[in-house]
Amino acid sequence: MNPLTLAQEIIDGRRITREDDLSFFLTCDLDELCEGADRIREACIGDKVDLCSIINGRSGRCPEDCKYCAQSAHHHTSCEVYNFLPEEKILEACKMNESEGVDRFSIVTAGKALTGKEFDQAIHAYETMHRECKIDLCASMGFISAEQLHRLHEAGVTSYHHNIETSRRNFPNICTTHTYDMKIETLKKVKAEGMCACSGGIIGMGETWEDRLDMAISLAELGIDSIPINALMPIPGTPLEHLPELSEPDILRTIAFFRYINPEANIRLAAGRALLTNDGETAFKAGASASITGNMLTTVACATIRSDRKMLADMGRDVTPEYWKEV
């Protein structure tokens, strides 16, 4: 089959399942695959690009042993270590991102789960942001309970992020302190709460192409709304520090078949954009419809957001957040 023919079938309502011959995505012409992915993006998502930004609300000392992560206490990296940030600093970052035209803002915390006093601090911060800002609010706080998700939802959080990271088969090679099934159960709680479910993973961790295809199918089966795709940037001091960086064609092929398999999800560029031409422009022509942008409270973050918005606007994409349209 030709990628453009398959793209039209998907636009017309066909959905890829585990029963399909997925090896097609690995052997077909890359340019045609990317063109088809972009057609699906245009038909199923449109030209709006969803830009999100994060603040690292609690850093380091994570008890989990994820091999890619600088914040794991099992690895020796130069990662910053601090407890939950003061609310004023979080609010400042939120307002900066809103003023720059970012669609959504998230507090991300290191650790297995955010609990106790620090979770209460997070709730209060979200209530303040929800009251004072119009930007959409997201959270990424590990394995939390249905009750915690409900509290976040009530505080104004509309989306919860929780990556599955890789395929079920490959997951034990990446982490041994929690399971793939724990990830799936958390995402099912997010869907049950009626929040936007954001989950993706990292490519380039030594997995096979079949693992990447399996991750794409698993996310489709869960009905995930937003799929961040990270290309591994090997961090000194982690077990994956010696892995080679991925090539641009490999990243683009992955993004493209994620679009075919998840036609109605936001395929979101995350780590590794520096490996792509013009900081990701090629990926936006291969099915991507969203991105993480300027994730630190600095003038550099402002510059990153502005350059992202300019690049996308020059491509004819819509980078105006809903809350600006309302005004």
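Small disclaimer: the values here were computed from a predicted structure and weren't measured. For this chain, numbers begin at 1 and follow the sequence in order.
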Determine, stepwise, if the pair K117 / D120 fulfils salt bridge (Lys or Arg N to Asp or Glu O under 4.0 Å).
CA-CA 5 Å; K117 180 187 171 187; D120 291 337; over 6 Å; no
Mind running side-chain contact (heavy atoms from CB on, under 4.5 Å) on F119 and R151 for me, showing each step along the way?
CA-CA 10 Å; F119 184 74; R151 285 186 66 193; 3.8 Å; yes
Show, in sequence, the C-alpha distance, side-chain angles and deciding distance for D136 and R104, and conclude whether the salt bridge (Lys or Arg N to Asp or Glu O under 4.0 Å) test is met.
CA-CA 4 Å; D136 277 342; R104 53 186 73 244; 3.7 Å; yes
Would you sort out whether D38 and R317 count as a salt bridge (Lys or Arg N to Asp or Glu O under 4.0 Å), showing the intermediate values?
CA-CA 12 Å; D38 194 49; R317 302 295 168 86; 3.4 Å; yes
Would E35 and R39 satisfy salt bridge (Lys or Arg N to Asp or Glu O under 4.0 Å), going step by step from the backbone distance to the final call?
CA-CA 6 Å; E35 183 183 342; R39 290 185 190 179; 2.6 Å; yes
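Contact check on K89 versus E92 returns no salt bridge, with no Lys/Arg side-chain nitrogen under 4.0 Å from an Asp/Glu carboxylate oxygen. Ion pairing between a basic and an acidic side chain is recognised when a charged N comes within 4.0 Å of a carboxylate O; E100 and R309 show no such pairing. Under 4.0 Å is where a charged nitrogen must lie from a carboxylate oxygen, and between E281 and K285 at least one such pair does.
Between the side chain of D211 and the main chain of R169, no donor-acceptor pair closer than 3.5 Å is present. Judged by distance alone, with hydrogens and angles left aside, the side-chain atoms of R15 form a donor-acceptor pair with the main-chain N or O of I10 at under 3.5 Å. Between the side chain of N97 and the backbone N or O of A93 there is at least one donor-acceptor pair closer than 3.5 Å. With S159 contributing its side chain and C138 its backbone, the two residues share no donor-acceptor pair below 3.5 Å. Using a distance-only test at 3.5 Å, with no hydrogens or angles considered, no donor-acceptor pair links the side chain of R41 to the main chain of A288. In this structure, the side chain of Y260 engages the main chain of L33 through a donor-acceptor pair within 3.5 Å. Judged by distance alone, the side chain of T176 and the main-chain N or O of P172 form no donor-acceptor pair under 3.5 Å. The main-chain N or O of T293 is found under 3.5 Å from a side-chain atom of S53 such that the two form a donor-acceptor pair. Checking side-chain atoms of E32 against main-chain N and O of P3 turns up no donor-acceptor pair under 3.5 Å. Side-chain atoms of N230 come within 3.5 Å of backbone N or O of A271 as a donor-acceptor pair.
L275 places none of its side-chain heavy atoms less than 4.5 Å from the side chain of E248. Between N163 and P228, some side-chain heavy-atom pair lies under the 4.5 Å cut-off. Between D308 and D279 the shortest side-chain heavy-atom distance falls below 4.5 Å. Put simply, the side chain of L137 reaches to within 4.5 Å of the side chain of C94, judged on heavy atoms. Side chains of T158 and C196 form no contact here, defined as non-hydrogen atoms less than 4.5 Å apart. Residues M141 and V157 are not in side-chain contact: their nearest non-hydrogen atoms beyond the backbone lie 4.5 Å or more apart. By the 4.5 Å heavy-atom criterion applied to side chains, I174 and E207 are not counted as neighbours. With a 4.5 Å cut-off on side-chain heavy atoms, F257 and R212 count as touching.
Applying the ring pair (Phe, Tyr, Trp, His ring centres under 6.0 Å) test to F284 and every residue at least two apart in sequence or in another chain returns nothing. Among residues two or more places apart in sequence or in another chain, the side chain to side chain contact (heavy atoms under 4.5 Å, CB included) test is passed with D20 by R14, I16, T17, L22.
No side-chain N or O of R168 forms a donor-acceptor pair with one of S218 less than 3.5 Å apart. Residues E87 and T128 bring a donor and an acceptor atom of their side chains to less than 3.5 Å of each other. If you check the side chains of R259 and S289, you find a donor sitting under 3.5 Å from an acceptor. For the residue pair S226/R268, the side-chain donor-acceptor check at 3.5 Å is satisfied.
Put simply, OG1 on T177 and NZ on K112 are 6.0 Å apart, with the number rounded to the nearest 0.5 Å.
Aromatic ring orientation, Y180 versus F171: perpendicular (interplanar angle above 60°, classes split at 30° and 60°). Taking the six-membered ring where the residue is Trp, H162 and F143 present perpendicular rings, their angle passing 60° and hence far from 30°.
In terms of heavy-atom proximity, L114 sits nearest to Q148 at O-NE2, 2.9 Å. Nearest heavy atoms, I292 versus R273: O-NH1, 3.1 Å. Of all heavy-atom pairs between A283 and L276, the closest is CB-CD1, 3.9 Å. When all heavy atoms are compared, the tightest approach of C44 to E264 is CB-CG, 4.3 Å. Scanning all heavy atoms of the two residues, the minimum distance from G142 to T186 falls at O-CG2, 4.2 Å.
Counting non-hydrogen atoms of other residues, nucleotides and ligands closer than 6.0 Å to NE2 of H153 gives a total above 12.
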